[in-house]
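These numbers were taken from a predicted model, which means no experiment stands behind them.
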Number of protein chains: 2
Amino acid sequence: MTARPAPHADPTRARLLDAAADTLREDGITGLSARHVAARAGVNQALIFYHFDTVAQLVDAACRAAVEASIRDYRDRFAAADTFADLLAVGRELHERERAAGNVAMMAQLMAGGQSNEQLAATARYCLARWNDELDDAVTRMLARSALAGLIDPAGLTELISAGFLGLELYEGVDPSSARHAMSTLEHLGDLIEIVDELPAVARRTLQTKMRRRRRPPRSAR
Amino acid sequence: MTARPAPHADPTRARLLDAAADTLREDGITGLSARHVAARAGVNQALIFYHFDTVAQLVDAACRAAVEASIRDYRDRFAAADTFADLLAVGRELHERERAAGNVAMMAQLMAGGQSNEQLAATARYCLARWNDELDDAVTRMLARSALAGLIDPAGLTELISAGFLGLELYEGVDPSSARHAMSTLEHLGDLIEIVDELPAVARRTLQTKMRRRRRPPRSAR
DNA sequence: GTCTATAAGATGATAGAC
DNA sequence: GTCTATCATCTTATAGAC
């Protein structure tokens with residue numbers, strides 16, 4: 001058979017993927033052009049079309065690769081998180097590191113572009129789904145042990161957490177001090193939820209009863 | 001004196017402002033060009049530069065005007081909100097209506113563009129600050145009456161709510177069903193907070209003591 | 001104030017030499 | 001696989017007629 005190098009072994013391809021992700025992270029969706037990406041990768045502009053056909057397909061491949069790479073770093077930590085406190089700790093660390101790495105910014109740009117471009121939207125959906133997959137198991141485990149078991153939908157909470165992080169990221173890009181202020185308030189709220197979770201059994205049962213009553217009103221009129 | 005019509009009375013100016021806001025809402029920051037906006041407004045492209053000098057300044061003016069206009073509709077409702085339940089109800093309504101009007105999408109696009117464009121970032125900061133001004137009084141009043149008084153910073157909570165709404169909006173643009181799922185989970189969480197807030201005085205004091213202990217550890221080592 | 005025409009440059013994408 | 005050169009089209013912005 002002919003020598004067919006694995007796709008990932010192609011150095012030009014890899015340089016373009018990295019450059020596309022970096023451009024999205026640093027210059028945003030508006031700065032993303034074939035020429036910019038190629039210049040950053042140090043290769044000729046025409047190679048983008050040779051390797052990926054269109055700029056949009058390069059972006060798609062770059063974002064998928066970036067998400068796979070960063071998710072791998074967190075798989076073990078998510079798997080080890082059982083309690084709300086654990087999950088909050090992982091979330092804090094993930095936010096700090098992914099922020100520094102620019103991956104949340106990349107996601108935010110992808111989603112902003114996806115509002116009016118179905119191809120980018122599909123890429124964004126895929127990336128979100130991958131992160132949510134990782135989060136989901138941990139959130140489900142955590143909820144199962146908590147006072148909120150059966151009251152809050154795990155998948156919905158996972159999506160809500162993702163949405164919240166993305167909003168904070170966008171905020172941080174235009175107003176860092178306010179965003180950090182919001183983040184620290186979120187941590188206070190996290191502490192609060194943790195405390196509620198540690199309430200004595202009597203209080204927990206009261207909470208659950210009230211919650212069920214509120215969400216599932218009896219069929220007969222009161 | 002010469003006849004100098006009020007700036008808002010200029011029909012071309014007004015058409016351009018509306019068209020710029022609509023373009024941002026529908027086509028996003030990537031679709032925003034002088035030609036697109038002018039075509040939508042039904043006027044010549046050169047008039048953008050005559051009236052606003054640059055496209056960026058038109059966008060700035062359009063977003064400020066749009067935010068002023070929509071805030072005016074909510075001032076009374078925010079002013080009337082005292083409890084957490086009130087605020088949640090206003091938030092729900094605001095989210096639905098502003099989403100339908102496309103104003104949250106406009107903000108999200110503004111912030112996405114602002115990540116790499118200081119002029120857009122300044123516009124985004126201004127718009128966010130205006131919304132937060134409106135929210136802040138209501139959040140402060142609500143917190144003051146709640147079990148969390150003194151435990152959660154009102155300004156931080158306001159910023160957190162804004163960030164969360166923006167994240168949900170971005171999410172909805174690429175994955176509507178997941179975003180709605182997340183939104184309904186948020187409403188469940190809102191109910192939960194409300195219930196905690198209605199706990200008997202004993203439970204509230206326990207909560208406050210635990211929270212203070214966690215956030216402000218004594219200086220002497222345990 | 002509004003238009004046409006145009007400058008000056010960026011963009012996605014392709015053809016074809018090497 | 002990689003390059004140069006190029007197309008057609010888009011962009012912001014300006015000059016000048018009306």
Enquirer: Taking atom P of C:dA13 as reference, at what distance in whole Å does atom CG of A:D53 sit?
Expert: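 The distance from CG of A:D53 to P of C:dA13 comes to 9 Å, rounded to the nearest Å.
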Enquirer: With a 4.0 Å cut-off on N to O distance, would you call B:R15 and B:D18 a salt bridge?
Expert: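 Salt bridge flag = no for B:D18 with B:R15.
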Enquirer: Any ring-ring contact (aromatic ring centres under 6.0 Å, His included) pairs touching residues 155-176 of chain B, not counting sequence neighbours?
Expert: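 Qualifying pairs, neighbours excluded: B:H95-B:F165.
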Enquirer: Let me know the distance between CZ of A:R13 and C1' of D:dT2, rounded to the nearest Å.
Expert: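 So the CZ-C1' distance, A:R13 to D:dT2, works out to 16 Å.
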Enquirer: Should the pair A:R64-A:D60 be classified as a salt bridge under the 4.0 Å nitrogen-to-oxygen rule?
Expert: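 Yes, charged N to carboxylate O under 4.0 Å.
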Enquirer: D:dT11 C1' sits how many Å from B:L32 CG, rounded?
Expert: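 One finds 12 Å between C1' of D:dT11 and CG of B:L32, rounded.
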Enquirer: More 5' along DNA chain D: A:V43 or B:A56, using each one's nearest nucleotide?
Expert: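 Its nucleotide being nearer the 5' end, the pick is A:V43.
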Enquirer: With the threshold set at 4.0 Å, does a side-chain nitrogen-carboxylate oxygen contact exist between B:R125 and B:E118?
Expert: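 Looking at B:E118 together with B:R125, the answer is yes, because their closest N to O distance falls below 4.0 Å.
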Enquirer: Please report, rounded to the nearest Å, how far the P atom of C:dC3 is from the CZ atom of B:F49.
Expert: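 In whole Å, C:dC3 P lies 14 Å from B:F49 CZ.
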Enquirer: Taking 4.0 Å as the cut-off, does a side-chain nitrogen or oxygen of A:T54 come that near to OP1 or OP2 on C:dA13?
Expert: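 It does not, given that no N or O in the side chain of A:T54 lies less than 4.0 Å from OP1 or OP2 of C:dA13.
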Enquirer: If I take atom CG in residue A:L47 and atom P in nucleotide C:dG12, what distance separates them, rounded to the nearest angstrom?
Expert: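 Those two atoms, CG and P, are 15 Å apart.
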Enquirer: Do any N or O atoms of the protein come closer than 3.5 Å to N or O atoms of nucleotides 4-10 of chain D, and which pairs are they?
Expert:
residue	atom	partner	partner atom	Å
D:dT4	OP2	A:N44	ND2	3.0

Enquirer: Between atom OH in A:Y50 and atom P in D:dT2, what is the gap in whole Å?
Expert: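 After rounding, the gap between these two atoms is 8 Å.
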Enquirer: What is the distance from CG of A:L16 to C1' of D:dT2, rounded to the nearest Å?
Expert: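 Distance check: A:L16 CG to D:dT2 C1' gives 12 Å.
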Enquirer: So, B:D27 and B:R40, do they make that salt bridge, N to O below 4.0 Å?
Expert: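 Salt bridge between B:D27 and B:R40, a charged N being under 4.0 Å from a carboxylate O: yes.
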Enquirer: Is a side-chain donor-acceptor pair under 3.5 Å present for B:N132 with B:S162?
Expert: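 Side chains of B:S162 and B:N132: pair found under 3.5 Å.
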Enquirer: Quick one: A:F52 CZ to C:dG12 C1', roughly how many Å, whole number?
Expert: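 Going from A:F52 (CZ) to C:dG12 (C1'), I get 16 Å.
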